[in-house]
Amino acid sequence: MALERTFSIIKPDATARNLTGAVNAVIEKAGLRIVAQKRIQMTRAQAEEFYGVHRERPFFGELVDFMISAPVVVQVLEGENGIARYREVMGATNPENAAEGTIRKLYAKSVGENSVHGSDAPDTAKIEIAQFFAGNEIVG
Ligand code: IDP
C-alpha cells in the first residue's frame, strides 16, 4: 500500500505539560514518520479557519480559545494507511471512550482538551496540511 500523509496537531494541553516528546514517541512507535513539524502560536483567525466546520457547534468558542491558549506543534505524519492509522493511535475524541495505549487515553484531560488532532479523510488532510506547511517544508 502507498504511503499516505495526514495532518496532526499536538494541542495546547499537551505542549503546556511538556508532552511533545511523549506524544511523538507514541506516534513513532506506531510506525508513523514525522515528515514535517513546527511549534507555533496559532492566531485566533487561524484557529477559526481550521475548525470552521464546527462554527455552529456550541463548543466552538471554547475550542478556539483553547487552541490559542498556548503554543501547538503542527505536524505532517506519513505511513501506510496514515490517516486511519493515526486516528487509531489518537483514540476516541472523549478520552473516557479511548482505548488503552492511545494518545488520548494516556494524556487527554477532557473531551475538549484532548491532546491531539488528526485529519479524518484524504481531502481534509490535504487542506489542513496546506494551511500550515509549504511543500518544501515536508521531507518524506
Ligand atoms: P476529533 O478531534 O476526534 O476529530 P471532532 O468531533 O472533529 O473530534 O471535534 C473536534 C474537536 O473539538 C475535538 O478534538 C475537541 O477538541 C473539540 N470538541 C469536540 N466535542 C467537544 C465537546 O463536546 N466539548 C468541547 N470540545 C469538544
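Note that ligands are numbered from 1 as they come in the structure, with each ligand's atoms numbered from 1 the same way. Numbering starts at 1 and runs along the sequence shown.
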Has the side chain of [X] got a donor or acceptor atom that lies under 3.5 Å from a matching backbone atom of [Y]?
| X | Y | value |
| --- | --- | --- |
| Arg17 | Tyr107 | yes |
| Asn114 | Ala108 | no |
| Arg39 | Val73 | no |

Please could you name the atoms of ligand 1 that Glu62 approaches to less than 4.0 Å, counting only its heavy atoms?
25 (C)
For ligand 1, find out whether one of its N or O atoms is nearer than 3.5 Å to an N or O atom of Asn114.
yes
So which protein heavy atom does [atom] come closest to, and at what separation?
| atom | answer |
| --- | --- |
| atom 15 (C) of ligand 1 | Val111 O, 3.2 Å |
| atom 16 (O) of ligand 1 | Gly112 O, 2.8 Å |
| atom 19 (C) of ligand 1 | Phe59 CZ, 3.5 Å |
| atom 8 (O) of ligand 1 | Thr93 OG1, 3.3 Å |
| atom 2 (O) of ligand 1 | Arg104 NH2, 3.1 Å |
| atom 9 (O) of ligand 1 | His54 NE2, 3.5 Å |
| atom 4 (O) of ligand 1 | Arg87 NH1, 2.9 Å |
| atom 17 (C) of ligand 1 | Leu63 CD1, 3.8 Å |

Here's one to test your reading of the geometry: is the NZ or CZ of Lys126 within 45 degrees of the ring axis of Phe7 and under 6.0 Å from its centre?
no
If we only count heavy atoms from C-beta on, is the Gln75 to Thr6 side-chain gap below 4.5 Å?
no
Under a heavy-atom criterion of less than 4.0 Å, does Lys11 contact ligand 1?
yes
Would you mind checking if Arg33 and Glu28 are paired as a salt bridge, meaning a charged N to carboxylate O distance below 4.0 Å?
no
If you take all heavy atoms of Asp120 and Ile83, which pair is closest and at what distance?
C-CG2, 3.9 Å
